[in-house]
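Read through the structure below, which is laid out as structure tokens, and then see the notes.
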Amino acid sequence: CHDHNYPDLGGGKEKDGSVHGYIQRLYADGELRTRTMLLWSIWFSFGVTYYGIVLYIANIYSYSSENRGTGNEAQCSFDYSSIILNALSEFFGTTIAVAGAARWNHIRAQLGFYVVAGVSAVFLGLMHSVAKASMTRDSSDSSPMSVIILLLSFLARISIMSASTLTWTMTPPMIPTQYRSFGHALCVALSKIGAIVSPYLIYLSAGSSGALPDLVVSGVIAFLNFWAALALYYLSAASVIAEKSSDEPTSSNEYEKSSSDSDVEDSSSLNILHAEISRHPHRDTSLHASPHHRSEFEMVQKRHVAHHSAL
């Protein structure tokens, strides 16, 4: 990620970092507008998928019955040991995020983690559907199906934790400095909107007679993970194009102009130092010269010293 130098589009009026200036820059700067839309889609997807995976795993390890206990009260219990194991996976996710960012760049590592999270969510929903159909899901169950579900949920939570961690660190350099706090706040707000949506999505699949099948819920989570990965791919391509355009060499005319200006400056400094040597022949003026002219200044100074000595 690089903090690009954006052109002044409004006579400098938007440099105060105000909301109006940020909107004005988004309207006028196509490259910033594209980048911002991609960031917003990534953050919204991250909000839905992170909290969606966490809540979906809790839903997998919950057991409820409408006719259990006294009367018609509904009761619910959880497999807390499996939930705690899944929560511990976030420590590994943070460590893997740091290693992935060091091995690759932030965008490529995120892309891979979002893809792995999406694939894990699909298979997690598939295995959970099969487990519910075969009625093998029980708090004391140690069948191979339960082990597979535990491993898939562990992998899904590690991946989404790694991806979301890198999303937090990748975003600030993508936003111009004068709008960084407000732009980042907008991204976080979109992720919280996604976090609001995710409980309703998981609620539709809760219980034995949920309105949505597990495959549909896990498919939505997987789709948003893949969407975030696709947005990161285009964001990486846009950043490379912007970086190449900012690093283009100057034209030959500009190079010749800068070279001639440099020669004029060197000639002017040469005349000034010659005059200084004439007035103060014993002063070491070569220290103020450029390396290109230092040897010449030393020779001129030696001639002036020899001349004054002869007189």
Side-chain angles (χ1 to χ4, degrees), residues 1 34-58 60 86-87 89-128 149 151-175 183-184 186-199 201-202 214-240:
C1 304
T34 301
R35 181 186 302 182
T36 302
M37 295 298 123
L38 292 173
L39 286 174
W40 286 356
S41 63
I42 293 168
W43 275 84
F44 176 78
S45 301
F46 142 53
V48 176
T49 56
Y50 175 79
Y51 294 101
I53 287 176
V54 171
L55 294 174
Y56 186 62
I57 291 172
I60 289 176
N86 277 277
S89 66
E90 296 201 354
F91 291 102
F92 297 98
T94 305
T95 305
I96 293 173
V98 175
R103 178 63 177 84
W104 306 286
N105 60 33
H106 286 67
I107 295 181
R108 290 180 181 177
Q110 275 181 92
L111 195 154
F113 290 137
Y114 276 119
V115 170
V116 173
V119 173
S120 302
V122 170
F123 282 100
L124 182 61
L126 177 62
M127 294 296 104
H128 186 222
I149 290 175
L151 292 177
L152 286 172
S153 61
F154 199 83
L155 179 61
R157 193 155 179 180
I158 283 180
S159 303
I160 194 61
M161 183 63 186
S162 300
S164 61
T165 299
L166 292 178
T167 299
W168 275 93
T169 59
M170 176 269 298
T171 301
M174 290 286 178
I175 304 172
H184 200 184
L186 280 179
C187 293
V188 176
L190 284 169
S191 74
K192 300 311 176 185
I193 294 174
I196 294 171
V197 172
S198 60
L201 177 66
I202 304 303
D214 288 275
L215 277 177
V216 174
V217 174
S218 62
V220 172
I221 294 175
F223 171 78
L224 290 174
N225 276 299
F226 296 147
W227 179 263
L230 185 64
L232 282 165
Y233 174 79
Y234 283 108
L235 185 64
S236 176
S239 299
V240 169

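Counting non-hydrogen atoms of other residues, nucleotides and ligands closer than 6.0 Å to CZ of Phe154 gives a total above 12.
Taking the side chain as every heavy atom from C-beta outward, His184 and Trp168 approach each other to under 4.5 Å. In this structure, the side chains of Phe46 and Leu224 stay at 4.5 Å or more apart for every pair of heavy atoms. Contact annotation: the side chain of Val48 never approaches that of Ser45 to less than 4.5 Å [non-hydrogen atoms, C-beta and beyond].
In this structure, CZ on Phe123 lies 14.0 Å from CG on Leu151, to the nearest 0.5 angstrom. Arg108 CZ to Phe113 CZ: the interatomic distance, rounded to the nearest 0.5 Å, is 14.0 Å. Distance check, rounded to the nearest 0.5 Å: CG of Leu232 to CH2 of Trp227 gives 12.0 Å. Here the CD1 atom belonging to Ile53 is positioned 10.0 Å from the CD1 atom belonging to Ile60, to the nearest 0.5 angstrom. How far CG of Leu230 is from CG of Leu111: 8.5 Å, rounded to the nearest 0.5 Å. Rounding to the nearest 0.5 Å places NE2 of His106 at 5.5 Å from CG of Leu166.
Side-chain N or O atoms of Ser162 include one that pairs as donor or acceptor with a backbone N or O of Gly93 at under 3.5 Å. Checking side-chain atoms of Ser41 against main-chain N and O of Leu38 turns up a donor-acceptor pair under 3.5 Å.
Exactly one residue among Ile202, Val216, Ile160, Val122 makes a side chain to side chain contact (heavy atoms under 4.5 Å, CB included) with Ile221. That residue is Ile202.
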### Task
Give the C-alpha distance, both sets of side-chain angles, the deciding distance and a yes or no for side chain to side chain contact (heavy atoms under 4.5 Å, CB included) between His128 and Tyr56.
CA-CA 11 Å; His128 186 222; Tyr56 186 62; 3.5 Å; yes
### Task
Step by step, work out the side-chain hydrogen bond (donor to acceptor under 3.5 Å, both in side chains) result for Thr167 and Tyr114.
CA-CA 10 Å; Thr167 299; Tyr114 276 119; 2.9 Å; yes
### Trp40 vs Cys187, side chain to side chain contact (heavy atoms under 4.5 Å, CB included): CA-CA, chis, key distance, verdict
CA-CA 6 Å; Trp40 286 356; Cys187 293; 3.7 Å; yes
### Message
Go through it in stages, so that I can follow the logic: the residues are Met174 and Leu235, the test is side chain to side chain contact (heavy atoms under 4.5 Å, CB included), and I'd like the CA-CA distance, side-chain angles, deciding distance and then a yes or no.
### Response
CA-CA 10 Å; Met174 290 286 178; Leu235 185 64; 4.2 Å; yes
### Task
Could you walk me through whether Lys192 and Ile196 pass side chain to side chain contact (heavy atoms under 4.5 Å, CB included), step by step?
CA-CA 6 Å; Lys192 300 311 176 185; Ile196 294 171; 5.5 Å; no
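Between Tyr51 and Ser198 the shortest heavy-atom distance is CB-OG, 3.4 Å. Contact between Ala121 and Ser218 at its shortest, heavy atoms only, is O-CB, 3.1 Å.
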